[in-house]
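We count ligands from 1, going down the list as the structure has it; atoms in each ligand are counted the same way.
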Amino acid sequence: MRFFGEKIPKYQMTKAPVSQAPCQSMGENNHGSLNELVEPVTQMKHQNVRCSAVPAVPQLVVTCEPTPSRTEHKTTKTSALSFCSHPDEESVCSDSGIGGSPAPSLFYRKLSNSSSTVLSPASSFEEYDEDFSEPCSAVTHNSQTDVGSDTKNDLLKPRNMVNSSPLPGPLKAASSWVQVVGHAGNFRTGPDGKLLKKFCELEQRCLQELMADTLRPYVPGYYGITQQDRQDYNTMDNLLAGFHSPCIMDCKMGSRTYLEEDLRRARESPQPRKDMYEKMVVVDPAAPTPEERVQQAVLKTRYMQWRESLSSTHTLGFRIEGIQKANGTCNTNFKKTKCKEQVIQALEDFVDKSIPILRSYLKRLEDLRQVLENSAFFRSHEVVGSSLLFVHDRTGKAGVWMIDFGKTLPVPPPLTLDHRTPWREGNREDGYLWGLDNFIDMLTTMLSARAE
Ligand SMILES: O=P(O)(O)O[C@H]1[C@H](O)[C@@H](OP(=O)(O)O)[C@H](OP(=O)(O)O)[C@@H](OP(=O)(O)O)[C@H]1O
Ligand SMILES: Nc1ncnc2c1ncn2[C@@H]1O[C@H](COP(=O)(O)OP(=O)(O)O)[C@@H](O)[C@H]1O
């Protein structure tokens, strides 16, 4: 059973590994070249994308949900754009690598709990409903230790978080949520069944802008900042609302999963990380270089590049991160799912071979592509590490939305991106549309194969 906000050990939580189809054609369209990644700094055409270059964000009213068992009660404030407001806690702007915390970056989101604890995989919706029905009096946690803590106590937090939500009416609705992948402890339930995600200024700016963009129907609705237990959260729609025991798939889009800024920082101030080394050797003990082996640590960019080349990110421009089926089984063992045949097999399994569901997804993705091609937001943003969340249920209802804008950055005008041009350092291209094209082609192929 997995509780709300529980730590997700992304590299170890798989219950039902997908059997891997034989890999036939790999890499014919490879968008990622490791050779490009080791260019010396002097050759970089890097754009300055720090927060100061980002337009100002209008003030937001911040609501603070009352927490019955706590002494702090409802407070209201304006503009919560200051970062790292809890200096004694792990910064919401910093990495949390075991091998040393990289320098805080204004636009980095809180990355509290790296995948280093083994917990059970996700459970069914019904189990979640039970969790939420526990009495509020069970709330006992200390908010000060919540933020950024990375301990076994995290195991207890989610239940406490859930119970702290004083929602007599929409309790059931709020409970119908499950996190497939991503940072543990990042989410809570909010008022009216909304989802609260730990505040990240970059994500807030994106969601705000997206509310006024043609992409609005393809992203969760955004409702400003909510404060709970002294932590700010971005408040958004729970995309699972209205589904019954949904099947959920998270696909990370694009041919690159780290920012150009990350590369620059890695060169200027390398921060090898032990946690990433450990994650690497779990998957492939032979992956580290001799130097990395000595250090027992790898740079984050190196880890991310390794993950990209191991999976379909470089070859297809997207990768499956995790799938939760209606029966509650959750699989995040897709790190080596690289070739088309493997991806198709995983997709077939995800839709349970349903042609109507496949058709719905194809239509939705085609519509999304058309909107993306004409979106002012999309044209002007480097979209990195963002996912498409696929959701369907046994009633035949299906939807796809863009989520996770923690690494989506505006590019300096007059630069615009087409999201298909292969990435060269400095061009800021992310391969998002190239990946979507490949996804759409794959679904089309699957459907035509079934029609034969
Ligand atoms: O999936 P695994 O192999 O566990 O690696 C994770 C993902 O790449 C995360 O990206 P996402 O959140 O998009 O899934 C990333 O967070 P960022 O996106 O913030 O880079 C984590 O970096 P750290 O949080 O620094 O550990 C990294 O450890
Ligand atoms: N708006 C949403 N509605 C429903 N589920 C969501 C929503 N946003 C995120 N999730 C769930 O949380 C997971 C992680 O989301 P993400 O935004 O990528 O978090 P992180 O930034 O921690 O990686 C997703 O795979 C999905 O299961």
Side-chain angles (χ1 to χ4, degrees), residues 2 4-5 7-13 93-99 101-102 105 107-116 122 148 150 176-187 189-190 193-200 202-203 206-207 219-223 234-243 246 248-254 256-259 261-262 271 273-280 282-283 298-301 303-308 310-311 313 319-324 330 332 334-335 383-391 399 401-408:
R2 179 145 56 81
F4 207 101
K7 193 162 196 166
I8 313 295
K10 287 196 274 190
Y11 67 110
Q12 282 176 317
M13 65 181 280
C93 319
S94 70
D95 274 343
S96 56
I98 298 169
S101 286
S105 166
F107 52 67
Y108 282 175
R109 63 185 145 158
K110 164 70 182 139
L111 306 175
S112 54
N113 307 318
S114 293
S115 312
S116 57
D150 187 8
S176 296
W177 183 77
V178 62
Q179 180 176 357
V180 179
V181 291
H183 294 86
N186 253 7
F187 292 92
T189 45
K194 298 282 184 292
L195 198 59
L196 306 182
K197 182 175 176 183
K198 257 183 198 169
F199 180 76
C200 160
L202 258 194
E203 187 155 45
C206 290
L207 287 167
V219 298
Y222 179 65
Y223 304 94
N234 281 320
T235 313
M236 62 185 81
D237 278 329
N238 170 10
L239 297 169
L240 308 186
F243 287 91
I248 311 159
M249 175 170 70
D250 181 306
C251 285
K252 188 171 287 193
M253 299 303 292
R256 176 165 55 92
T257 58
Y258 54 90
L259 293 164
E261 171 70 7
D262 296 327
Q271 304 276 354
R273 287 178 53 170
K274 287 192 185 302
D275 62 328
M276 290 190 154
Y277 177 88
E278 281 156 18
K279 287 200 283 186
M280 189 182 242
V282 164
V283 178
V298 295
L299 294 175
K300 177 167 176 174
T301 43
Y303 174 80
M304 302 294 258
Q305 290 158 13
W306 168 76
R307 289 273 279 116
E308 291 165 4
L310 199 66
S311 67
T313 291
R319 71 175 180 234
I320 298 174
E321 288 280 286
I323 289 178
Q324 162 129 348
C330 184
T332 57
F334 296 103
K335 286 195 171 59
V383 183
V384 167
S386 177
S387 288
L388 285 179
L389 194 68
F390 294 72
V391 191
W401 293 270
M402 298 170 76
I403 59 164
D404 196 356
F405 301 100
K407 288 191 292 190
T408 294

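- When only interatomic distances are considered, the shortest N/O to N/O separation between R319 and ligand 1 does not fall below 3.5 Å.
- Residue F187 places no N or O, backbone or side chain, under 3.5 Å from any N or O of ligand 2.
- A cation-pi arrangement, defined by a distance under 6.0 Å to the six-membered ring centre and an angle within 45 degrees of its axis, is absent between K300 and Y258.
- Remark: ligand 1 and K300 share an N or O pair separated by less than 3.5 Å (distance only, no angle test).
- Counting the atoms of ligand 2 from 1 in the order shown, those under 4.0 Å from a heavy atom of N238 are 3 (N), 4 (C).
- Against a heavy-atom cut-off of under 4.0 Å, Q179 is close to the following atoms of ligand 2: 12 (O), 13 (C), 27 (O).
- In this structure, D404 has a heavy atom closer than 4.0 Å to ligand 1.
- Heavy-atom separations between W401 and ligand 2 are all 4.0 Å or longer.
- Of the polar atoms of D404, at least one N or O is found under 3.5 Å from an N or O of ligand 2, judged by distance alone.
- Residues D237 and W401 form no side-chain contact, since every pair of their non-hydrogen atoms from C-beta on lies 4.5 Å or further apart.
- The closest approach between a heavy atom of V391 and any atom of ligand 2 is not below 4.0 Å.
- By the criterion of a heavy-atom distance under 4.0 Å, the side chain of Y303, and not its backbone, is placed next to ligand 1.
- With a 4.0 Å cut-off on non-hydrogen atoms, V181 does not touch ligand 1 at all.
- Using a non-hydrogen distance threshold of 4.0 Å, I248 does not register as a contact of ligand 2.
- Heavy-atom separations between K197 and ligand 2 include at least one value shorter than 4.0 Å.
- Less than 4.0 angstrom separates some heavy atom of P220 from each of these atoms of ligand 2: 1 (N).
- Looking at heavy atoms from C-beta onward, V178 lies in side-chain contact with I248 at the 4.5 angstrom threshold.
- Checking only distances, L239 does come within under 3.5 Å of ligand 2, N or O to N or O.
- Here's the thing with H183: one of its N/O atoms is less than 3.5 angstrom from an N/O atom of ligand 1.
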